[in-house]
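Below is one structure, written out as structure tokens; comments come after it.
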Amino acid sequence: MADYRIDDLARVSGTTVRNIRVYQDRGLLPPPIRRGRTAIYTDAHLSRLRLVTNMLGRGYAFAQIAEMLAAWEAGRSLADVLGLEEAMGVPWSSELPTPITVRELRRMFGNQLTPSNTRKALELGLLRRQGMGFVVPSPQLLEAGYELVKLGVPLDEVIELAGVLQREVDHVAGLMVGLVRQYVLDPKGEDWLPSGDEVPYYADVLRRLPPVVISALTAAVARSTARVIPDMVGDRLEALIKSGKSTPSNPI
DNA sequence: GTTCTGACA
DNA sequence: TGTCAGTA
């Protein structure tokens with residue numbers, strides 16, 4: 001929930017105020033929220049800014065970055081969940097595991113938080129024990145779950161969903177990695193090792209694999225949700241109309 | 001005192 | 001990309 005003035009954003013992200021303004025003009029950064037005359041930025045801006053500077057550093061042109069950003073816009077909410085923007089960053093480090101207290105969890109989920117589903121979350125690795133409290137391996141996944149619960153989905157179901165998601169994603173990611181093994185690495189022979197000038201190439205293949213898997217999954221799920229969500233909303237509206245309610249306050 | 005915009009190099 | 005002027 002951190003707010004940044006443009007100066008803060010520049011310092012934290014390691015760029016300059018000048019460049020942030022340029023990225024803004026080129027449409028590479030979402031418009032900031034205005035408080036009077038001053039622009040207020042959020043962590044979302046910081047995340048996007050890091051992505052932009054990283055891609056710039058890799059030699060992408062402004063126009064190319066803008067194009068990719070536009071292409072991702074459709075699956076954006078999911079990309080957030082999966083950490084795509086972080087994934088594209090140079091230090092391909094995963095999310096920062098964040099400590100969280102029982103008190104905070106209680107504040108988020110209220111009395112839906114039970115010993116039973118806490119245990120389930122621990123089993124699934126959504127939560128890990130640390131001293132008196134817990135640590136969240138993926139704050140983004142937690143945030144996504146929190147959003148669902150706020151919408152009215154029972155916490156038990158959300159945890160169940162997270163488990164399914166993890167299994168399915170593991171499976172599909174495994175298939176993709178398997179294909180790369182089968183067609184890129186294995187044909188070279190069982191105990192083949194890249195030699196000499198081949199090393200950088202294969203190092204690059206391996207380094208790019210996680211982002212590729214993630215963007216493929218993102219695209220696939222974006223397509224799927226684009227199909228499923230309108231159906232769901234349509235069914236719900238139809239049901240409401242049949243039940244005689246003319247002004248549904250919460251159609252979803 | 002700080003931020004924004006535009007312009008120049 | 002840095003910097004400067006003129007504003008709000």
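This structure is a prediction, so every number in the text was calculated from the model and none was measured.
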Does [X] reach the main-chain N or O of [Y] with its side chain, forming a donor-acceptor pair under 3.5 Å?
{"X": "A:Gln166", "Y": "A:Gly163", "value": "no"}
{"X": "A:Thr53", "Y": "A:Leu49", "value": "yes"}
{"X": "A:Gln112", "Y": "A:Leu155", "value": "yes"}

d(CZ, A:Arg5; P, B:dT2) in whole Å: 8 Å
In whole angstrom, give the distance that lies between atom CG of A:Leu56 and atom C1' of C:dT1. 12 Å
Taking Watson-Crick (N1-N3 plus N6-O4 or O6-N4) and G-U wobble (N1-O2, O6-N3), each under 3.5 Å, can you produce the dot-bracket string of DNA chain B? Use [ ] for crossing pairs and | for inter-strand ones. .|.||||||
Strand contacts (DNA chain C) in residues 14-27 of chain A, 4.0 angstrom heavy-atom criterion: A:Thr16, A:Arg18, A:Asn19, A:Val22, A:Tyr23
For A:Asn111, look at atom CG and say whether over 12 heavy atoms of other residues, nucleotides or ligands are found less than 6.0 Å away.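 Open: at most 12 neighbouring heavy atoms sit under 6.0 Å from CG of A:Asn111.
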Pairs satisfying salt bridge (charged side-chain N to carboxylate O under 4.0 Å, His left out), at least one member in residues 154-164 of chain A, at least two apart: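 Sorted pair list: A:Lys120-A:Glu160.
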Which heavy-atom pair separates [X] from [Y] by the least distance, and what is that distance?
{"X": "A:Leu46", "Y": "A:Ser13", "result": "CD1-CB, 3.7 Å"}
{"X": "A:Leu126", "Y": "A:Ala162", "result": "CD2-CB, 3.6 Å"}
{"X": "A:His45", "Y": "A:Pro31", "result": "NE2-O, 3.3 Å"}

